[in-house]
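Residues take their numbers from the sequence shown, with the count starting at 1.
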Amino acid sequence: MGSEGPAAVTIHVTGFKKFHGVSENPTETIVSNLKEYMRKKGLPKGVILGSCSVLETAGQGALTPLYQTLQSALTGKDSQSSCSEKIIWVHFGVNSGACRFAIEQQAVNEATFRCPDEMGWKPQRVPIVPADGGISRVRKTSLPVEEITKVLAKKGYEVMTSDDAGRFVCNYVYYHSLHFAEQNGIKSLFVHVPLFLTIDEETQMKFAASLLEVLGSLC
């Protein structure tokens, strides 16, 4: 058989529900509306939009549904005829103090929550994955963060590369996702977005669509 071109990239997306200090999380809106938005806009060539899930803004207490969500991508992969299909997890989280988008390069094996999560957990200097060792352990995404940021900036978005996803639930989920990705031969990326008061909803939806396009072209 001849070559049929590059394998499709299936991108699964998550956002978060409300949490302390953020009564309306923009990532819940983005992720909840993304399938319909992309249906109207049209998906980039070679990109499949997989699951769009909204997670509880919680750490340890929400691990089971998090791993069920991550595992669902592999279950879907196994049921497909193409074994070469690429899978990327994109996690959106809000940084209420930010004025631009941030593409996160890494997560740290440390949970030090500034306030209790939505299930009341408030760890301090606790390793996220104890088997990985101490709280200074870092996991980096295998995606080309600098290149992704440059392409998005050229498209006119206020976007930066970040090497600090905090120590709250965003970092907690990203660390687990990077750990899962390494074990299962897939890729993971975390993106922080501002509040809609700072960058409006329509621009953020366009940004999410552009990110899918960029990931499809680079991966």
Side-chain angles (χ1 to χ4, degrees), residues 4-16 26-27 29-55 69-70 72-74 76-77 80 82-95 100-107 139-163 165 170 173-194 199 202-219:
E4 296 178 358
V9 178
T10 298
I11 302 175
H12 299 272
V13 182
T14 72
F16 289 105
T27 69
T29 302
I30 292 167
V31 173
S32 297
N33 295 338
L34 190 57
K35 278 190 180 291
E36 178 64 15
Y37 187 86
M38 296 310 300
R39 186 188 68 77
K40 291 178 179 177
K41 178 180 171 57
L43 278 166
K45 185 177 179 181
V47 172
I48 299 167
L49 180 57
S51 61
C52 292
S53 308
V54 179
L55 306 173
T69 302
L70 295 172
S72 67
L74 300 184
K77 180 181 179 183
Q80 307 258 341
S82 171
C83 295
S84 58
E85 181 189 13
K86 301 172 184 176
I87 293 175
I88 301 173
W89 273 104
V90 175
H91 306 284
F92 287 101
V94 64
N95 178 353
R100 51 185 169 168
F101 302 102
I103 313 296
E104 299 291 348
Q105 296 195 66
Q106 62 188 35
R139 284 186 175 272
K140 294 179 180 289
T141 181
S142 57
L143 288 163
V145 168
E146 295 281 359
E147 193 170 353
I148 291 167
T149 304
K150 286 177 183 176
V151 175
L152 288 167
K154 285 181 180 177
K155 290 178 179 289
Y157 297 105
E158 291 288 331
V159 60
M160 60 178 280
T161 297
S162 168
D163 60 4
C170 291
V173 165
Y174 196 19
Y175 194 90
H176 274 289
S177 183
L178 289 168
H179 182 265
F180 182 88
E182 182 180 298
Q183 290 179 323
N184 291 282
I186 60 179
K187 297 179 186 295
S188 175
L189 186 68
F190 199 101
V191 179
H192 268 118
V193 307
I199 296 182
E202 177 60 24
T203 302
Q204 295 217 33
M205 293 303 301
K206 287 179 180 177
F207 173 84
S210 295
L211 178 62
L212 297 184
E213 181 182 0
V214 173
L215 289 173
S217 66
L218 293 178
C219 307

T141 side chain vs S188 backbone, donor-acceptor pair below 3.5 Å: yes
With a 4.5 Å heavy-atom cut-off, do V31 and T14 have their side chains touching? no
Which pair of non-hydrogen atoms, one from S53 and one from T69, has the smallest distance, and what is that distance? OG-CG2, 3.6 Å
Within the 4.5 Å heavy-atom criterion, are L215 and V9 side-chain neighbours or not? no
Kindly say whether A208 contributes a backbone atom to a donor-acceptor pair with the side chain of Y37 at under 3.5 angstrom? no
Taking the side chain as C-beta and beyond, is there a heavy-atom pair between C170 and F16 under 4.5 Å? yes
Any side-chain heavy atom of W89 sitting closer than 4.5 Å to one from V173? no
Rounded to the nearest 0.5 Å, how far does CG of L74 lie from CZ of F180? 4.0 Å
Can you tell me if S32 uses its side chain to pair, donor with acceptor, with the backbone of T29 under 3.5 Å? no
Rounded to the nearest 0.5 Å, what separates atom CD in E104 from atom CG in D163? 8.0 Å
Interatomic distance, S210 atom OG to I148 atom CD1 [nearest 0.5 angstrom]: 13.0 Å
In the structure I gave you, are the side-chain heavy atoms of S142 and E182 within less than 4.5 Å of one another anywhere? no
When you compare the side chains of T161 and T149, does any donor N or O come within less than 3.5 Å of an acceptor on the partner? yes
Starting at CD1 of I11, measure out to NZ of K86 and round the result to the nearest 0.5 Å. 11.0 Å
Any side-chain heavy atom of I199 sitting closer than 4.5 Å to one from V193? no
Are there over 12 heavy-atom neighbours, none belonging to Q106, within less than 6.0 Å of that residue's CD? yes
Would you call the rings of F101 and Y157 parallel, tilted or perpendicular, where under 30° means parallel and over 60° means perpendicular? perpendicular
I'd like to know if R39 pairs up with E36 as an ion pair, taking the criterion as any Lys NZ or Arg NE/NH1/NH2 lying under 4.0 Å from an Asp or Glu carboxylate oxygen. yes
Judged by modelled atom types alone, do H91 and S177 share a side-chain donor-acceptor pair under 3.5 Å? yes
More than 12 heavy atoms from other groups under 6.0 Å of NZ on K35: yes
Could you walk me through whether H179 and R139 pass the side-chain contact (heavy atoms from CB on, under 4.5 Å) test, one step at a time? CA-CA 8 Å; H179 182 265; R139 284 186 175 272; 3.2 Å; yes
Only one of K45, K155, K206 passes salt bridge (Lys or Arg N to Asp or Glu O under 4.0 Å) with E213, and that residue is K155
Applying side-chain contact (heavy atoms from CB on, under 4.5 Å), run through I87 and N184 and close with a yes or a no. CA-CA 10 Å; I87 293 175; N184 291 282; over 6 Å; no
Min side-chain heavy-atom separation K41-M205 under 4.5 Å: no
CG/L218 to CG/L143 distance, rounded to the nearest 0.5 angstrom? 9.0 Å
Give a yes or no on whether the backbone of G50 and the side-chain of H12 come within a donor-acceptor separation of less than 3.5 Å. no
With a 3.5 Å distance limit and no angle check, can you tell me whether Q204 reaches the backbone of P194 through a side-chain donor-acceptor pair? yes
If every non-hydrogen atom of L34 is compared with every non-hydrogen atom of L212, which pair is closest and at what distance? CD2-CD1, 4.4 Å
Would you say that L43 contacts I48 through its side chain, given a criterion of any heavy-atom pair below 4.5 Å between the two side chains? no
Using the side-chain contact (heavy atoms from CB on, under 4.5 Å) rule, take E158 and F207 through it: C-alpha gap first, then chi angles, then the decisive distance, then the call. CA-CA 10 Å; E158 291 288 331; F207 173 84; over 6 Å; no
